[in-house]
Structures are given as structure tokens and as C-alpha cells.
Amino acid sequence: MNIQFVIMVVCLLVMNIAILFLYQKLLEFTNNKLKSQLIERQILEYEKRFQNQKKIHYLRHDIKNILITIRGFVMSKSTAKAENYIDTIIDSHAMSNESITGHVVIDAICNEKIEEAKKRGISIIKNIVIPYDMPLEGKEVELSLILGNVLDNALEEVVTFENQKERWIEIEMRYYNENLIIRVMNPMKSMKKIKDSSEKNTLNARGNGLNIIKMFVENLNGTITFDQSDQVFKVIILLNME
């Protein structure tokens, strides 16, 4: 009787351990799947923005051909076609297209986030000095996801403040000794727990954002640090652009 009881207890323990193991693996799979889906969505979104930004870039350098086309419509008295053509050009310029750095990737993300901040009543302080010939080839996707997630996290935090004086974000970017230095600062309401990307706990959207930033910074052999002091949250990123 005692032997049967012991065997039954052991079997129950083994079953519980197996269930816990399977549950843990299921959580890991779910978290990894969610992260992958989030990254895929962001890549598609940013690629779409870059294409729009490139169209604007080409329009700027092709203004002569645009004017020649419009003149052709006018001379042939095709007024309706001329109007439609002009409307198409205006629509292409509907988004903010300020040339902040001369780099399509950086300008597309910064313009998008600055426009979003304005709509939310958030002030953006820009301090960006980057040479036009800074090498970006092969790093465009990672850089866009890093910059986009850093600014998204800052916007999510700042939008919760009611006092207008606390609704601000500062973006600083410098290029020094073949390194791109990115620093983003914003007010914060409470201290954040920065989770390591190896943790298996279920992450919220903001936690996922921070871990995605860390992952892509590491992919570019860069470093990232977080600082929380005087009710200000700072993200400092160093990327080697060789």
C-alpha cells in the first residue's frame, strides 16, 4: 500500500513538473511570437514611410520636369489634367518633409514623431548635428526601429502629463569618431524597472519597446544606457557607424 502511494505521489509530481515546463515553454513561445509580430509590423510601417520620404526627395530634385509637364498640360489646354497632376504633387507633400539631417531614414522617423508630438501638444527640442555623408548603408532598418521605439516610448510617457511645462521631449544626435550618439530625454512620473531582454516574464507594450531597442542596438554592436534622475528619463545610445 505504501509503495503504491509513493508511486502515485511521484507520478503526480512528475506530471506537475511536466505541466509547468510546458507552460513555461508556451509563455516563451507566445512572447517571442508577439515580439516578432511587433517587429514585422514596425518594419513594414517604416519601410512605407521611407518610400514616401524618398518620393518627396525625388520630387525636390525633379522640379524642373514637373514644371515642364504642367506647362505641357497648360499649352494643350488640358486644364483638368493639369489640376489633377498638381493635386497629386500636393498630396505627396502632405506629410512633414523637413530636411533635418539629409538622411532619409532619420528624417522620416523624426518628422513623423515631431508631427505626432505637435498634434498631442508636446514640445520637441531638437539638437541634431550629423554630417550628410555619415555612412548608413546596411543599418537603415535597425536604426529606424531604434529611433522610432525610443521616441514612441517618450511620447507614451509625456502624453500622460497634464501640466504643459512637463510636456516636452529632447532629442540630441551627434556624430563623433565614427560613432552616432543618440540621447533622448523626457519627464517621467515614476521610476521604471528596466527588464533584461532575457527575462521570461510577460512584457507590456512599453517593456517590449525597450527590449526591442536593446536587441537592435546589440545587433549593430552598440551600447545603450538608461538614466533616471530628477524626474527625467534618459536613453543614451552609442552606435559604431563604420
Side-chain angles (χ1 to χ4, degrees), residues 25 27-54 100-114 116 128-157 169-186 192-228 233-242:
K25 288 297 179 183
L27 278 178
E28 288 179 12
F29 174 78
T30 303
N31 279 337
N32 289 335
K33 188 174 181 181
L34 287 172
K35 281 185 180 180
S36 297
Q37 289 175 345
L38 178 61
I39 291 169
E40 286 174 7
R41 285 199 304 270
Q42 289 185 331
I43 288 174
L44 289 173
E45 181 184 349
Y46 292 144
E47 282 181 347
K48 185 177 179 181
R49 290 175 188 169
F50 298 153
Q51 291 304 318
N52 289 336
Q53 194 77 5
K54 283 181 180 179
I100 300 172
T101 66
H103 293 280
V104 173
V105 173
I106 297 173
D107 289 351
I109 296 297
C110 286
N111 281 324
E112 177 75 16
K113 302 307 176 184
I114 289 170
E116 184 178 345
I128 301 174
V129 181
I130 296 173
Y132 182 80
D133 58 350
M134 180 182 72
L136 277 182
E137 188 175 353
K139 304 179 178 70
E140 293 93 338
V141 173
E142 286 89 350
L143 182 58
S144 67
L145 288 168
I146 291 167
L147 193 55
N149 274 288
V150 169
L151 294 175
D152 280 341
N153 285 341
L155 284 166
E156 287 176 17
E157 180 71 24
I169 298 171
E170 182 173 343
I171 310 167
E172 182 179 348
M173 299 179 73
R174 288 284 186 276
Y175 185 67
Y176 180 72
N177 283 347
E178 298 181 333
N179 290 309
L180 176 61
I181 304 164
I182 304 171
R183 187 176 71 160
V184 176
M185 300 187 297
N186 61 270
K192 302 176 189 293
K193 181 185 177 184
I194 309 301
K195 296 183 179 181
D196 187 85
S197 57
S198 63
E199 290 189 27
K200 298 179 177 62
N201 297 339
T202 302
L203 301 171
N204 57 27
R206 198 170 301 178
N208 265 331
L210 291 175
N211 279 319
I212 288 171
I213 295 165
K214 292 173 70 175
M215 180 174 66
F216 281 104
V217 168
E218 290 168 1
N219 284 352
L220 294 179
N221 296 317
T223 60
I224 181 168
T225 57
F226 304 98
D227 180 67
Q228 306 178 80
F233 185 68
K234 300 176 186 176
V235 180
I236 303 169
I237 298 168
L238 179 66
L239 300 173
N240 189 293
M241 305 306 289
E242 282 187 291

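The structure presented is a predicted model; accordingly, all values stated were derived computationally and were not measured.
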Check: [Y] and [X] side chains under 4.5 Å, non-hydrogen atoms:
{"X": "Lys139", "Y": "Leu239", "answer": "no"}
{"X": "Glu170", "Y": "Arg183", "answer": "yes"}
{"X": "Tyr175", "Y": "Met241", "answer": "yes"}
{"X": "Asn240", "Y": "Leu220", "answer": "no"}
{"X": "Leu180", "Y": "Leu143", "answer": "yes"}
{"X": "Val235", "Y": "Ile237", "answer": "yes"}
{"X": "Ile146", "Y": "Ile224", "answer": "no"}
{"X": "Asn153", "Y": "Ile213", "answer": "yes"}

May I ask you to decide if Pro135's main-chain N or O and His103's side chain share a donor-acceptor pair within less than 3.5 Å?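 Here the side-chain-to-backbone pair does not exist.
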Spell out, as yes or no, whether a donor-acceptor pair under 3.5 Å connects the side chain of Glu140 to the backbone of Gly138. yes
Over all atoms of both residues, closest heavy-atom pair of [X] and [Y]:
{"X": "Gly102", "Y": "Asp107", "result": "N-OD2, 3.1 Å"}
{"X": "Tyr176", "Y": "Ile181", "result": "CB-CD1, 4.5 Å"}
{"X": "Val105", "Y": "Ser144", "result": "CG1-CB, 4.0 Å"}

Could you measure the distance from the [atom1] atom of [X] to the [atom2] atom of [Y]? Nearest 0.5 Å is fine.
{"X": "Arg174", "Y": "Ile130", "atom1": "CZ", "atom2": "CD1", "value": "9.0 Å"}
{"X": "Asn111", "Y": "Ile106", "atom1": "CG", "atom2": "CD1", "value": "11.5 Å"}
{"X": "Asn149", "Y": "Glu156", "atom1": "CG", "atom2": "CD", "value": "9.0 Å"}
{"X": "Asp152", "Y": "Glu116", "atom1": "CG", "atom2": "CD", "value": "6.5 Å"}
{"X": "Lys234", "Y": "Asn186", "atom1": "NZ", "atom2": "CG", "value": "11.0 Å"}

